[in-house]
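The structure appears below as structure tokens.
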Amino acid sequence: MKDIIKDLIKDTLKKNFKDVSFDYEQIEVNLCKNKKFGDYSSNVAMKIAKKNNSEPISLAEKIKSSLEKSEQFERVEAIKPGFINFFVSENLKFLVVEKILREKEQYGKNSIGKNSKVLVEFVSANPTGPLHVGHGRGAVFGDCLSKLLEENGYEVVKEYYVNDAGKQIEILVTSVIQRYHELIDSNLNFSYEDLYKGDYIWDIAAELHRNFSSDFQILNIIDLKDPKIDLYMQRIKDALSIEKFLKIREISINAILENIKSSLRQSDINFDSWFFESSLVDDNSLIKVIDFLNQNNYTYQRDNALWFKSKDFGDEKDRVLIKENKDHTYLATDIAYHEKKIKRNFDININIWGADHHGYISRIQGAFKIFAKEKSSLNILLVQFANLFRGKEKVSMSTRSGDFITLKQLTDEVGKDAMRFFYLMRKSDQHMDFDIELAKSSNSNNPVYYVQYAHARICSIFRKLKEDKKKFNYNKNNLKNLSKEEELKIINKLSAYPDIIITSANKYEPHLITNYLRELSQEIHSYYNKHQILVEEEDLRNARLSLMEATKYVFENSGKIIGINMPDKM
RNA sequence: GCGCCUGUAGCUCAUUUGGAUAGAGCAUCGGAUUUCUAAUCCGAGGGUAGUAGGUUCGAGUCCUACCAGGCGUGCCA
């Protein structure tokens with residue numbers, strides 16, 4: 001609808017105002033908050049007045065008079081500073097209902113992103129433990145954003161980057177080995193404190209024990225008293241043999257990835273691609289990328305380490321790529337990973353990171369610019385933390401002590417729908433409070449139920465219709481019977497839906513959809529309370545049922561995007 | 001110290017890329033059910049948008065300073 005009006009303005013400007021200069025971007029049309037000002041309004045006159053040396057209001061008047069004859073509008077007016085207000089004719093409004101009933105599941109989809117490939121990388125938590133609630137928000141956000149982009153016609157690949165090549169993995173493996181030896185009652189006295197401690201380490205050790213008995217037992221006597229973790233791990237590795245260490249490593253990573261995947265599955269999040277950091281080492285991309293950086297003067301040697309000149313790209317200081325001990329840093333593989341992303345030729349790359357990673361943006365953006373072709377872009381979106389509450393009590397968490405709530409625990413407790421909806425209710429770069437009690441409650445305080453109930457009520461109307469042995473017959477000529485204030489409000493809301501899909505995708509703000517759903521639900525509940533839908537008069541009844549049917553499609557289509565069910569019955 | 005983010009009703013948050021009278025929910029108070037699900041609806045009160053300047057037709061939104069909070073600032077991962 002916005003587009004229709006925009007085009008009308010553009011056409012009239014081109015045709016009737018040849019001496020007026022403007023850009024298409026300057027034609028802005030917005031939904032009016034206040035119905036006094038019509039359904040839509042535009043501020044073009046104010047935007048282009050200055051450039052054309054004329055008064056906004058007089059320009060608005062002129063545009064108004066050349067548009068007011070259009071059959072789309074009941075009335076057009078020009079007001080005070082220079083707004084042009086459009087009162088859309090009722091016939092045009094009813095077209096929305098007709099359109100929805102024709103397009104059904106397709107209503108809301110568009111092809112803005114046609115022929116554009118997008119890579120959305122998200123979660124990417126280290127495979128050293130289960131996903132916890134801190135990952136939940138980014139996971140849901142990334143998944144919903146991906147679906148939203150698909151709704152806009154983009155071709156989307158959802159990718160999880162698995163950090164399986166660094167020191168943290170060695171620590172994981174050592175942790176498993178330690179627990180395993182406790183299980184088989186070895187008299188080796190492990191004592192290292194800084195290892196992973198969660199129950200899942202026991203689970204992996206137990207699985208190892210079940211399948212391999214004591215095959216991985218260390219029989220040699222080794223000195224485990226060294227305070228340095230690198231050396232400590234090296235001794236264990238040597239005593240065990242590299243082959244066995246690698247085997248345990250493989251088993252551990254698989255177990256944890258399986259755990260991660262299953263908790264994602266439970267939340268209806270599915271990745272198209274799992275990219276392993278280790279593959280960058282194995283196929284020599286890492287070395288090649290570092291060579292390239294060296295040859296093109298993006299690095300230098302200092303204190304026996306290789307440094308990346310990230311300061312040139314707005315970073316606070318330069319960063320190490322290869323440490324004195326010859327190990328690469330995370331940054332090194334991250335750069336190689338992004339170089340590979342560029343090679344894979346996506347038009348848009350989106351990274352979704354936790355807000356605590358904001359310090360890395362400039363260095364990764366810098367590296368990306370070095371390798372990027374003109375057309376590809378990298379957008380790094382930050383997702384803020386969510387504080388968990390039980391009622392008024394804050395749930396404290398600390399990764400170090402292993403005292404954290406996993407994503408699985410949260411989903412088990414509040415359900416997938418509430419979990420997703422709550423995470424999506426707020427703008428992603430905004431801190432938020434997540435109240436578990438509220439998410440679990442089944443009353444009006446809980447927005448998930450509020451929305452789902454609105455949908456269920458519509459379904460129950462159709463059930464009742466069937467019980468009464470009546471039928472719903474759609475006839476577009478009936479729609480003019482929709483004259484109640486509440487009905488027109490709902491129609492306006494339905495016609496705004498496609499714009500919401502576009503805006504929320506462009507701004508990367510899926511919370512606009514949850515907001516929209518709450519507003520739509522509110523209007524449905526109001527309407528339901530005030531007016532009977534299954535009235536005796538057949539034409540009116542069918543008109544109202546048409547509206548309900550159309551609304552049902554919008555509930556279901558948007559429900560699919562944010563990934564919550566719309567039950568028929570509650 | 002420096003850098004990034006945030007600050008809107010008692011609480012949790014919106015505000016459609018700078019628009020017209022800043023809106024919801026919760027909480028508080030008062031009402032609605034012989035009706036398609038009361039998991040609902042209707043009404044009331046509640047605001048110097050952190051503070052102070054600036055930019056312009058117009059600022060919660062953009063700029064500057066200050067105040068407060070969060071995060072970051074390793075040859076960590």
Side-chain angles (χ1 to χ4, degrees), chain A residues 2 28 30-34 36-37 41-43 46-47 49-50 55-57 79-83 85 126 128 163 166-169 171 302-307 314-317 319-331 354-362 382 384-385 389 392 425-427 429-435 438 441-450 452-454 456-465 467-468 496 499-500 502-504 506-507 509 511-512 514-516 518-519 521-522 524-535 544 548 569-570:
Chain A
K2 276 187 195 173
E28 207 177 297
N30 282 308
L31 212 56
C32 290
K33 282 182 220 164
N34 192 332
K36 185 172 94 186
F37 299 122
S41 77
S42 178
N43 53 12
M46 289 179 284
K47 286 210 156 172
K50 204 170 205 179
E55 291 285 309
I57 184 69
I79 271 187
K80 292 182 281 185
F83 288 105
N85 296 333
N126 284 346
T128 52
N163 283 114
K167 188 161 114 186
Q168 82 287 352
I169 292 295
I171 298 176
R302 192 180 77 198
D303 302 336
N304 294 319
L306 183 71
W307 296 72
D315 202 354
E316 290 169 42
K317 50 175 283 190
R319 308 284 168 179
V320 169
L321 291 173
I322 307 288
K323 299 187 247 181
E324 193 174 0
N325 70 2
K326 303 300 166 214
D327 283 350
H328 61 262
T329 59
Y330 257 44
L331 178 62
D356 53 335
H357 286 75
H358 69 78
Y360 304 131
I361 294 179
S362 55
L382 296 180
Q384 278 293 350
F385 302 116
F389 282 81
K392 288 201 166 140
M425 267 192 314
R426 310 297 181 209
K427 217 193 240 169
D429 60 7
Q430 196 75 252
H431 296 268
M432 72 175 280
D433 289 350
F434 189 128
D435 183 348
L438 179 60
S441 67
S442 50
N443 59 47
S444 60
N445 300 0
N446 187 339
V448 186
Y449 282 88
Y450 187 76
Q452 291 179 324
Y453 184 43
R457 273 185 148 174
I458 294 175
C459 295
S460 84
I461 294 167
F462 283 95
R463 268 198 304 277
K464 181 72 166 48
L465 182 77
E467 280 167 25
D468 293 348
D499 290 330
I500 294 284
I502 294 169
T503 311
S504 52
N506 286 345
K507 295 173 79 172
E509 290 182 358
H511 79 282
L512 295 174
T514 49
N515 281 348
Y516 174 84
R518 293 171 78 175
E519 288 163 10
S521 304
Q522 206 242 316
I524 291 298
H525 286 309
S526 285
Y527 180 52
Y528 183 96
N529 269 275
K530 193 159 175 190
H531 302 288
Q532 183 82 8
I533 285 134
L534 299 179
V535 289
R544 290 183 171 174
M548 290 301 100
K569 211 174 179 176
M570 292 176 76

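To find a chain, count down the sequence lines: A is the first, B the second, and so on, and within it residues start at 1.
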A:Y450 ring over B:A39 six-membered base ring, under 5.5 Å and 30°: no
Aro-ring/base stack A:F83-B:A20, d under 5.5 Å, angle under 30°: yes
Given [options], which nucleotide is nearest the side-chain atoms of [X]?
X      : options             : value
A:N34  : B:U21, B:C36, B:A39 : B:U21
A:R457 : B:C76, B:U40, B:U17 : B:U40
A:V320 : B:G7, B:C75, B:U15  : B:C75
A:A305 : B:C75, B:U17, B:G72 : B:C75
A:P81  : B:U15, B:G72, B:G19 : B:G19
A:S41  : B:A20, B:U17, B:C2  : B:A20
A:D356 : B:C13, B:U15, B:C71 : B:C71
A:M46  : B:G19, B:U15, B:G74 : B:G19

Length of the [atom1]-[atom2] vector between [X] and [N], whole Å:
X      : N     : atom1 : atom2 : result
A:Q384 : B:C5  : CD    : P     : 11 Å
A:Y516 : B:U15 : OH    : P     : 16 Å
A:M570 : B:A38 : CE    : C1'   : 14 Å
A:N43  : B:U56 : CG    : C1'   : 14 Å
A:F37  : B:G58 : CZ    : C1'   : 14 Å
A:E28  : B:A20 : CD    : P     : 12 Å
A:L31  : B:U17 : CG    : P     : 11 Å
A:Y330 : B:G74 : OH    : C1'   : 15 Å

Minimum side-chain heavy-atom gap A:R544-A:Y527 below 4.5 Å: yes
Determine whether a donor-acceptor pair (N or O, by modelled atom type, separation under 3.5 Å) exists between the side chain of [X] and the backbone of [Y].
X      : Y      : result
A:D303 : A:A305 : no
A:R426 : A:D433 : no
A:S41  : A:C32  : no

Over 12 non-hydrogen atoms of neighbours within 6.0 angstrom of NZ in A:K323: yes
Does a nitrogen or oxygen in the side chain of [X] sit under 4.0 Å from OP1 or OP2 of [N]?
X      : N     : value
A:Q522 : B:C41 : no
A:K317 : B:C2  : no
A:K427 : B:A14 : no
A:K47  : B:G19 : no

Sugar-phosphate only, base, or nothing, as touched by A:D315 at under 4.0 Å among non-hydrogen atoms: nothing
Sugar-phosphate, base or nothing in reach of A:R302, heavy atoms under 4.0 Å: base
Base orientation of B:U6, syn vs anti, 90° cut from 0: anti
Members of residues 524-534 of chain A that approach RNA chain B, where some heavy atom sits under 4.0 Å away: A:H525, A:S526, A:Y528, A:N529, A:H531, A:Q532, A:I533, A:L534
Atom pair CG (A:D356) and CD (A:Q384), whose distance is rounded to the nearest 0.5 Å: 9.0 Å
Stems formed with participation of RNA chain B [Watson-Crick or G-U wobble, under 3.5 Å, three or more pairs]: B:1-7 with B:67-73, B:10-13 with B:23-26, B:28-32 with B:40-44, B:50-54 with B:62-66
